Structure formats: structure tokens, C-alpha cells
Amino acid sequence: MIIMNKYIFEGGTILTTTYSDVWNLDIFFNGGSHSEELEKFLVETEECIIGFEAKVNAWVPNNSPADIQNLEELLCDLEQAAKKLTQAGAFIGCLLAQNTKDKKAYSLDAKVTSLGAVFQTALGALDHHLTTFNDDIWKQIMASDSLKELSFVLTESREKAKDKLSKEEEALISTLEVDGYHSWGQLYDLMVSKIKVPFVENGEEIQLSVGQAFNKFSNPDREVRAAVFKGWEHAWENQADILAKTLNHLAGFRLSVYQKRGWEDVLKEPLSINRMEKVTLETMWAVISEHKQKLVDYLERKAKLLGLEKLSWFDLDAPYGKTETKASYQEGAEFIEKNFALFGEKLADFTKHAFRDKWIEAEDRPGKAPGGFCTYLPENEQSRIFMTYSGTPSNVSTLAHELGHAFHSYAMRDVPFLNCNYAMNVAETASTFAEMIVSDAAVKNAKDEEEKLVLLDDKIQRTVALLMNIHARFLFETRFYEERKLGNVSADRINELMLTAQKEAYGDSLEEYHPLFWASKLHFFITDVPFYNFPYTFGYLFSLGIYARALEEGQGYEEKYIALLRDTASMKVEDLARKHLQVDLTQKDFWEKAVRICLDDIDEFLEMTESK
Ligand SMILES: [Zn+2]
């Protein structure tokens with residue numbers, strides 16, 4: 001890891017460079033979506049995938065140690081194809097993000113999607129082959145020198161395939177899923193795109209899209225928030241019966257498949273995807289529930305500061321104060337570098353490298369996609385970060401967050417590709433960690449008390465979202481699925497379930513709730529990943545636990561941190577925590593410490609606002 005020195009010193013003095021806020025994509029494939037290099041690369045990728053598929057289908061395993069060689073060869077081809085596919089997908093994703101009107105990029109994207117589908121089918125067939133070995137032979141194969149390192153992921157694939165129905169039945173399910181399952185998710189997206197929320201602006205009624213309306217919930221003017229919320233609830237109410245039907249069918253399909261496979265617990269699949277035990281999840285929620293009072297204290301104080309008896313749902317994102325702190329891209333970058341350096345040299349050097357080599361697209365210009373991401377291009381062992389930087393403190397946090405993701409990939413760059421596929425609950429470890437370094441520093445460096453409160457409040461709002469809002473989603477979704485097992489659940493009943501979950505998760509502290517939240521939240525309609533909620537909270541607290549450890553151990557912690565990141569995709573989370581943090585995630589201690597960090601912020605906020 002010596003990539004940086006050549007940049008830092010020149011003639012014995014430290015070089016200060018002005019960073020570009022436009023990324024460099026040409027080093028991957030010259031010429032954007034019309035690149036000939038890319039065209040050639042896609043042909044190679046296709047050949048690789050088709051070759052892999054043919055080999056998988058031609059393989060007849062003999063349930064003997066002699067199969068090791070075949071398996072090795074297949075895994076080698078698999079890695080090659082997966083890397084190429086990832087590389088192409090990431091590059092085209094960058095093209096689409098930087099210019100949403102790049103038509104050529106859309107057709108390239110469709111090409112990569114269809115190659116991905118072929119690849120997935122071949123992977124399914126390979127997993128099935130793995131189930132044909134008996135346990136003894138499998139153990140022998142996994143103990144071999146060449147495959148030892150991959151034994152966790154391979155055994156996991158084998159177990160998952162064994163847990164499913166026969167190859168033919170699973171193939172039939174996949175076919176039926178297109179129109180009977182995923183289609184409900186797509187229908188939801190289509191319906192949402194047509195929903196309009198009426199809103200009066202400058203005496204004139206305008207129609208807001210769902211996204212535009214949602215942004216108004218963080219408006220400092222309460223009347224604006226209340227008015228939007230009224231229109232918002234009404235708009236979802238109008239569609240509630242159709243959306244309830246959609247949710248019922250989507251859940252019904254999923255439950256039927258689970259039933260056929262003999263899976264009783266609806267959490268079985270999401271827990272297995274996130275490589276965690278149920279007791280870990282239960283312990284996490286138990287600790288959070290025990291500390292709800294402090295969060296309620298915060299919400300009550302916030303209400304008081306806003307001159308209210310109690311907060312309503314539409315006040316939860318209301319900003320505290322009106323302080324506007326802006327930092328140029330250069331200032332933001334230097335602030336991040338400086339504070340990363342306090343944690344560790346490698347993170348700081350890596351970050352400098354990313355800024356100088358134009359890994360980041362941050363320019364504020366029209367035609368870019370909304371949001372932000374970090375993507376990895378394995379053939380070059382480089383990442384690219386996308387966002388729109390306009391100078392707010394939250395932009396600086398986002399930038400740090402995405403750099404955290406990039407550092408995670410960098411830490412894993414020489415880990416076997418099959419061992420790099422980390423689950424959602426640990427995917428946010430490095431990003432949340434990096435964001436914490438920067439947001440903590442921002443609070444500490446605030447120019448006055450007012451600014452400090454604004455920044456602190458921003459941090460706490462995030463905690464409220466992760467420990468209360470996500471908790472409500474989890475309570476709702478588990479209960480809804482239990483009721484759905486018994487039959488169709490009406491829109492009114494779904495509203496009731498949501499209201500109960502929200503009251504419980506928010507400790508009964510709000511004036512008005514949002515029973516139609518289930519209709520407005522995409523996450524309940526996502527078909528690719530079930531239960532898209534608890535991994536957020538897990539990831540946040542897991543990362544805070546590591547952050548607490550880093551603060552205890554100081555600069556020397558970085559090596560241990562990197563070692564942890566490298567193992568994030570090749571063991572269960574309980575084992576990861578035991579190995580690298582010497583803690584037991586099924587016990588409360590770890591979670592107590594992590595939650596404590598959030599509560600400390602609240603204590604500070606309560607103290608500072610005591611006399612206001
Ligand atoms: Zn992230």
C-alpha cells in the first residue's frame with residue numbers, strides 16, 4: 001500500500017493541488033458510450049459468460065475428490081466473467097449518471113442486464129451441481145489448498161441450493177416470477193409515477209410529483225409541511241385499495257414460494273441474505289427498545305423548540321434553525337482529508353489519491369442523475385464516486401460516506417472476487433464509519449453554538465430515522481406478513497397495522513402519525529430483496545460499535561479496521577464481530593455501546609437547549 005508518496009512530495013515540499021470536481025472515465029474505456037474499446041470489451045464479456053454457461057451445463061460431477069479440478073476451473077472462469085460483467089455494468093452506470101440523456105448508454109445498459117440474466121442462470125445451475133456431493137466428499141473438497149479460502153461462500157451457496165426445491169421446480173418459479181411477482185413491484189413504480197400531490201404555491205395550485213412533495217417535509221415553514229402532508233395522505237388514500245391489492249399479491253407470491261420450500265419463518269430469507277442469526281436481530285431491537293425514552297425526550301425538546309406541544313409525523317425532518325454554512329468543493333475535500341488523517345494514514349492517503357486522480361464526479365450541473373453512489377471497477381482496481389456537490393454540510397457528509405465505500409473496495413482489492421460479495425447489513429460499515437469521522441469533526445469545529453446545534457440536530461435526526469422509523473417498518477412488515485399468511489389483508493387493516501407499529505416505534509410521542517406510510521414507501525414493494533429495513537439499522541449500529549472501538553484505540557486501530565473490512569463477505573456477522581471486535585452480537589453489550597454513542601449526542605443536545 002504505497003500508492004501515495006509520489007503525489008504528496010515534490011522537491012521536499014507538500015504540493016497543494018486544486019481538485020477537479022469532474023471525474024475521469026476515459027482511463028477505463030476511451031470515448032464514453034461510443035467507445036470502441038468498450039464495444040470490444042462487451043463482446044469479450046459475452047464470450048466469457050457463454051463459455052462459462054456451456055461448461056457448467058456440460059459438467060457432470062462424480063461426487064469424488066477428483067471433481068476438485070473441474071470445480072477450480074469453473075470458479076476461475078466464473079471470476080473472470082463476474083469481473084468483466086461488473087466492470088461493464090459499473091462503467092455504463094457512470095455514463096448514465098453523468099448524462100441522463102445518453103441514449104446509447106441506455107442500450108448498452110440493456111445489453112449488460114441481459115448478459116447478467118444469462119450469468120445468473122448459469123450460477124444457479126452451478127449451485128445445483130454443488131448439492132450433488134455428499135457431505136463427506138464436500139468436506140474433503142473444501143479442505144483442499146486451492147478451495148479452502150472459498151469454503152464459506154461455496155458451502156453457503158450449496159446450503160442455500162439444498163434448502164430450495166428441485167432444479168426444475170425452482171426454474172419454473174423463476175419463470176413465473178417475471179409476471180407473477182416482479183411485475184407487482186413494477187406496477188407499483190408505475191402507479192407511483194402517476195401520483196400527484198396538490199399544493200398551493202403563491203396562491204396557485206400546482207401538482208407535485210411524489211419526490212417533489214417529499215422534499216417539502218424538510219421545509220423550515222411548518223405551514224408548508226402541514227399542507228403538503230395533507231395532500232400527501234390524501235393522494236395515497238385515493239389509491240389505497242389498488243396499492244393494498246398490489247402488496248397483498250406480492251406478499252402472497254413470496255409466502256407461497258416459502259411454503260412450498262418448507263420455510264415457515266418469513267425472516268429466514270432476509271436473515272440468510274444478511275448472514276446473521278435471528279437472536280442477533282432480536283437482541284439489537286431489544287436494546288433499542290430499552291433506550292427509546294431518550295429518543296422520546298429529544299422529540300419532546302424539539303417540539304418545544306419549534307413552539308409545539310408535540311411533533312407530528314411531518315415535523316420529523318424539520319430543520320433546526322436556519323444557519324447556512326457553505327464550503328466549496330476544495331474546502332470540503334480538504335476538511336475530509338484532514339479529519340481522515342486523524343484516524344489513519346491509509347484512509348487519508350487513499351482519499352488524497354481519489355481526489356487527485358479524479359475518481360469523483362461532484363459538479364453541480366443540469367442533466368445529471370439525482371442521488372449519489374460509489375461503484376467499483378475491478379479490472380482497474382479503482383472506484384468512482386457520483387454525487388452533486390452544492391456546498392452544504394450534508395454534501396460533505398455524503399462525500400465522506402461514498403469515500404468510505406471506496407475505501408472498503410480498496411481494502412478488499414486483492415481478496416478473491418467470490419469473497420467480496422458483502423451483504424447489505426455490512427455494506428454500510430465503512431461508509432457510515434467515514435461519515436461519522438467527518439460529522440463528528442464538523443460538530444466539534446462548529447463556529448458557534450447555533451451552528452453546533454444545527455449539525456448535532458442533523459446527526460440525531462438520522463438516529464431517529466434508523467432507530468424509530470426503520471423499527472416501525474420492521475414491526476409493520478413482520479406483522480403484515482403474519483396476517484397475510486391467513487388471507488387477504490384489507491387497506492383499512494394495513495393502515496391499522498402501520499399506525500400501531502409507528503406508535504410503538506415512536507414511543508407514542510407524536511401528535512399525528514402516517515398510517516398510509518406503507519403505500520408511500522417503495523421498500524415494501526421491492527421484490528429483489530425481502531425485508532429491506534433492518535439491515536439499515538444493523539449496519540448503522542455495527543459501524544458505530546466499530547467507531548467506538550477506534551476512538552478507544554486511537555491511530556493504531558487502522559490495521560485492525562482494514563482486516564475487518566477484508567473479512568466482511570466471507571463469514572457470518574457474528575463470526576466477524578467475534579474475530580475482529582472480540583464481541584458477541586447475540587448479547588446486549590455490543591449494542592448497548594453502539595446505542596450509547598447516539599444517546600450521547602442527544603444528551604449534548606438536551607443540555608445545550610435546556611434554557612432555550
Ligand atoms: Zn452507502
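Residue numbers run from 1 in the order of the sequence given. Just follow the structure's listing: the first ligand is 1, and inside any ligand the first atom is 1. Because the structure is a prediction, the values reported are computed rather than measured.
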Please confirm whether the ring centroid of F340 lies under 6.0 Å from the ring centroid of F407. no
Aromatic ring proximity W359/Y410, centre distance under 6.0 Å: no
Please report the number of protein N, O or S atoms that lie less than 2.8 Å from the Zn ion (ligand 1). 4
side-chain hydrogen bond (donor to acceptor under 3.5 Å, both in side chains) assessment of R254 paired with Y181: CA-CA 8 Å; R254 192 183 285 168; Y181 179 55; 2.9 Å; yes
Between Y389 and E361, is any side-chain donor less than 3.5 angstrom from a side-chain acceptor? no
Check whether the side chains of Y376 and R413 place a donor and an acceptor atom closer than 3.5 Å, and report yes or no. no
My understanding is that only residues two or more places apart in sequence, or in another chain, count here; which of them pass side chain to side chain contact (heavy atoms under 4.5 Å, CB included) with L551? Y547
